[in-house]
2 protein chains.
Amino acid sequence: MERHEMEAFLTLAEELHFRRTSERLGLAQGRVSQTIQKLERRIGAPLFERTSRRVSLTAVGAQLRDDLLPAYRQMQRALADATASVKAVSGVLRVGYSSPMAAALILDAADRLTARYPDLEVQIQEIQLADPFGPIRGDQVQVQITELPVDEPDLVVDRILFSEERKLLVNRDHPLARSSEVTLEDLADTTLISFAGMPLYMEDYHYPRLTPSGRPIPRKEAAFWQEALVMVGAGKGVTFACARAEEYYARQDTVWLPFPHFPRIDYGIIWPRNGNTARVQAFVGGITGPRTP
Amino acid sequence: MERHEMEAFLTLAEELHFRRTSERLGLAQGRVSQTIQKLERRIGAPLFERTSRRVSLTAVGAQLRDDLLPAYRQMQRALADATASVKAVSGVLRVGYSSPMAAALILDAADRLTARYPDLEVQIQEIQLADPFGPIRGDQVQVQITELPVDEPDLVVDRILFSEERKLLVNRDHPLARSSEVTLEDLADTTLISFAGMPLYMEDYHYPRLTPSGRPIPRKEAAFWQEALVMVGAGKGVTFACARAEEYYARQDTVWLPFPHFPRIDYGIIWPRNGNTARVQAFVGGITGPRTP
DNA sequence: ATGTCTTACGGAAGACGTAATAATA
DNA sequence: TATTATTACGTCTTCCGTAAGACAT
């Protein structure tokens with residue numbers, strides 16, 4: 001049963017009038033007549049009783065209308081929903097990241113995503129550790145891959161996307177640079193560079209204030225990651241980073257030391273609790289795929 | 001969305017293989033590819049992710065399949081049900097009647113019915129009052145219009161179709177032929193002709209054995225209606241008939257007297273309890289229409 | 001005479017198959 | 001190389017509108 005036959009039949013079953021039916025469908029009057037006749041021939045019995053003055057459904061016609069109408073509506077809706085869902089995942093989605101590996105992941109997901117949603121553009125934006133949630137709260141990015149823990153009432157944390165070994169960055173002339181194994185206890189003899197503006201629970205998690213034995217760890221704050229790098233290069237202190245960041249930020253004057261006795265760095269995907277749009281959903285779903293295999 | 005597009009999409013969603021899909025649909029391989037592409041252009045995003053080696057549904061495609069499949073199935077079923085119901089109302093339907101008015105009604109309904117169900121043939125058969133249920137029990141007729149009351153465990157009585165005034169048939173030379181008004185009490189002075197073979201409750205209802213004052217009514221039995229007519233014409237007794245039967249059975253030697261103090265004759269439509277077929281249903285539904293206006 | 005449904009006919013859209021092309025394992 | 005999906009092109013079905021016909025009010 002062809003679409004145009006269903007439409008002719010259902011419209012005529014509603015209008016009970018060939019001319020009005022043809023007008024509603026944008027067809028010539030004769031077309032409706034012939035389409036209905038063809039359908040009736042296929043079914044084997046008239047669906048309408050008609051004189052030149054009155055059109056009415058037969059029992060078979062009424063039954064068919066009752067069965068067909070919901071199916072037709074659902075079909076229409078399925079198509080409309082599909083186009084609407086595609087349209088909802090169009091426009092620009094800005095994704096924040098605070099680590100270059102996350103950026104690579106995002107760009108990878110963006111490729112797959114724009115293949116599936118041709119009208120979607122994914123833009124990326126670096127997020128400074130000193131203000132990790134400003135951009136997402138200000139809608140400068142709609143979704144973000146960032147270091148955990150994140151515990152903000154207005155932000156949803158989806159899950160751990162990946163985790164990285166933590167390394168300690170020290171100046172190549174620093175005594176620790178030649179240690180075989182560095183631990184938290186050693187930090188009492190350094191200045192740890194952390195970031196102002198981070199929530200306290202995050203700062204305490206990533207940049208402890210005391211060593212395990214209780215000695216205070218001297219600290220200094222930087223505003224940007226690049227600034228922290230420069231400070232380490234200048235011998236002003238040490239700081240943490242995830243292992244693979246070395247591929248992006250290696251410097252002659254800095255060595256990246258394994259730091260196995262401190263937890264790895266987990267990265268998660270977050271978005272505003274009231275910003276769970278189709279775009280964001282699609283991105284989160286799209287970034288799921290590649291991670292699992 | 002065209003039928004061939006739905007079929008191509010749903011089949012491909014099941015097979016995940018263009019060649020197998022084209023074979024199942026009896027199409028060329030390229031056709032499937034182009035049909036899917038067209039659908040994807042209309043929706044605005046790919047429904048399948050394909051390489052030359054693997055085909056898989058995208059999220060949009062999977063959603064569309066979930067929404068579309070039930071609608072498509074229901075549509076198919078609606079059409080199949082319609083053709084099946086037409087086919088079920090085809091062949092020969094034999095209808096019994098015991099009164100010429102009923103025959104006219106049946107023929108009228110049969111005309112409308114064969115217009116609605118071209119493959120149905122309606123035949124009529126006269127039923128003798130002496131054996132009112134033999135033919136319907138022997139499947140010589142499948143439905144029957146007959147005098148009420150009918151109270152048989154294996155027969156369904158639908159409803160009263162119409163009712164007719166009862167008249168008394170007497171020979172023109174009989175003294176009652178000149179009465180201004182005849183009552184049951186007068187029958188004590190006549191011989192009432194009834195029919196053998198009728199169930200007792202029917203015979204007692206139509207042919208009382210006593211007058212209201214308790215006098216017995218002499219009686220004689222006939223085997224056929226025509227026989228009863230002849231007997232009345234020969235002055236051998238009186239009998240009952242419904243008023244309009246006079247149009248069919250008027251004779252010079254018989255007068256039809258009003259008999260207002262005895263109930264009218266009700267006619268009902270009956271069929272075997274285990275013979276409620278689509279044909280019968282269609283006939284009963286078809287005979288409903290003309291009666292109501 | 002008007003409004004309705006049906007029938008006849010010519011043109012255009014598009015669904016189809018064939019066959020060549022591109023990509024992947 | 002074999003198997004797959006895509007693209008190009010010519011054919012043919014059939015959907016369509018126009019216009020005339022048939023019928024009822």
Side-chain angles (χ1 to χ4, degrees), chain A residues 1-58 60-62 65 72 75 79 111-112 115-116 118 293, chain B residues 1-58 60-61 65 72 79 111-112 115-116 118 293:
Chain A
M1 189 163 186
E2 307 298 327
R3 175 195 55 79
H4 75 272
E5 290 175 325
M6 288 183 66
E7 286 180 348
F9 169 71
L10 291 173
T11 308
L12 182 59
E14 189 183 334
E15 293 284 353
L16 295 176
H17 195 284
F18 280 75
R19 184 181 54 73
R20 285 201 299 275
T21 299
S22 71
E23 284 169 2
R24 263 182 57 177
L25 296 176
L27 295 177
Q29 185 168 316
R31 256 318 77 207
V32 180
S33 188
Q34 288 178 339
T35 302
I36 298 296
Q37 282 174 34
K38 188 168 184 179
L39 195 55
E40 288 173 329
R41 272 198 304 278
R42 193 172 318 142
I43 289 178
L47 300 168
F48 297 91
E49 193 84 18
R50 58 263 215 194
T51 68
S52 69
R53 221 57 188 172
R54 171 168 17 273
V55 176
S56 62
L57 279 161
T58 63
V60 177
R65 186 248 287 129
Y72 179 74
M75 191 202 88
L79 195 68
D111 280 350
R112 276 193 314 285
R116 280 181 171 76
Chain B
M1 189 166 185
E2 306 298 328
R3 176 195 54 80
H4 75 272
E5 290 176 324
M6 287 182 67
E7 286 180 348
F9 169 71
L10 291 174
T11 307
L12 183 60
E14 189 184 333
E15 293 285 353
L16 296 176
H17 195 285
F18 280 77
R19 182 181 55 72
R20 285 200 299 275
T21 299
S22 70
E23 283 170 3
R24 263 183 57 179
L25 297 176
L27 295 177
Q29 185 167 316
R31 259 309 83 204
V32 180
S33 188
Q34 288 178 337
T35 301
I36 298 297
Q37 283 173 34
K38 189 167 184 180
L39 195 54
E40 288 173 328
R41 272 199 303 278
R42 191 172 321 142
I43 289 178
L47 299 168
F48 296 91
E49 194 84 19
R50 60 265 215 191
T51 69
S52 70
R53 221 58 187 173
R54 158 134 71 251
V55 176
S56 62
L57 280 161
T58 62
V60 177
R65 185 248 288 129
Y72 178 75
L79 195 68
D111 280 350
R112 278 194 312 285
R116 279 182 172 77

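Residue numbering restarts at 1 for every chain, and letters A, B, ... go by the order of the sequence lines. Values below: all heavy atoms of this structure, side chains included; hydrogens, waters and symmetry mates excluded.
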To the nearest Å, how far apart are [X] [atom1] and [N] [atom2]?
X	N	atom1	atom2	answer
Phe18(B)	dA5(D)	CZ	P	6 Å
Arg20(B)	dT3(D)	CZ	C1'	12 Å
Arg19(A)	dT18(D)	CZ	C1'	18 Å
Leu39(A)	dT6(C)	CG	C1'	17 Å
Glu5(B)	dA15(C)	CD	P	7 Å
Glu49(B)	dT6(D)	CD	P	11 Å
Met6(A)	dC15(D)	CE	C1'	18 Å
Arg3(B)	dG14(C)	CZ	P	16 Å

With respect to the side chain of [X], which nucleotide from [options] is positioned closest?
X	options	value
Gln34(A)	dC5(C), dA8(C), dT6(D)	dA8(C)
Arg53(B)	dT24(C), dC16(D), dC5(C)	dT24(C)
His4(B)	dG17(D), dA5(D), dC16(C)	dC16(C)
Leu27(A)	dT4(C), dG17(D), dC15(D)	dG17(D)
Arg31(A)	dC15(D), dG14(C), dA8(D)	dC15(D)
Ala28(A)	dC5(C), dG14(C), dG17(D)	dG17(D)

Would you mind classifying the nucleic acid contact of Val32(B) as base, sugar-phosphate or nothing, using non-hydrogen atoms under 4.0 angstrom?
nothing
Are [X] and [N] close enough that a side-chain N or O sits under 4.0 Å from OP1 or OP2?
X	N	value
Arg50(A)	dT6(C)	yes
Gln37(A)	dT7(C)	yes
Lys38(A)	dC15(D)	yes

Nearest-nucleotide comparison on DNA chain D, the residue closer to the 5′ end among Glu2(A) and Ser33(B):
Ser33(B)
Nearest-nucleotide comparison on DNA chain D, the residue closer to the 5′ end among Gly30(A) and Thr51(A)
Gly30(A)
Which heavy atom of Val55(B) sits nearest a heavy atom of His17(B), and at what distance?
CB-N, 4.5 Å
Distance-minimising heavy-atom pair for Met1(A) and Arg42(A)
CA-NH1, 3.9 Å
Please name the residue in the list Leu57(B), Leu47(B), Leu12(B) that meets the side-chain contact (heavy atoms from CB on, under 4.5 Å) test with Arg65(B).
Leu57(B)
Compare all side-chain heavy atoms of Arg24(B) with those of Arg20(B) and state whether any distance is below 4.5 angstrom.
no
Answer yes or no: is there a donor N or O on one side and an acceptor on the other, between the side chain of Ser22(A) and the main chain of Val32(A), under 3.5 Å?
no
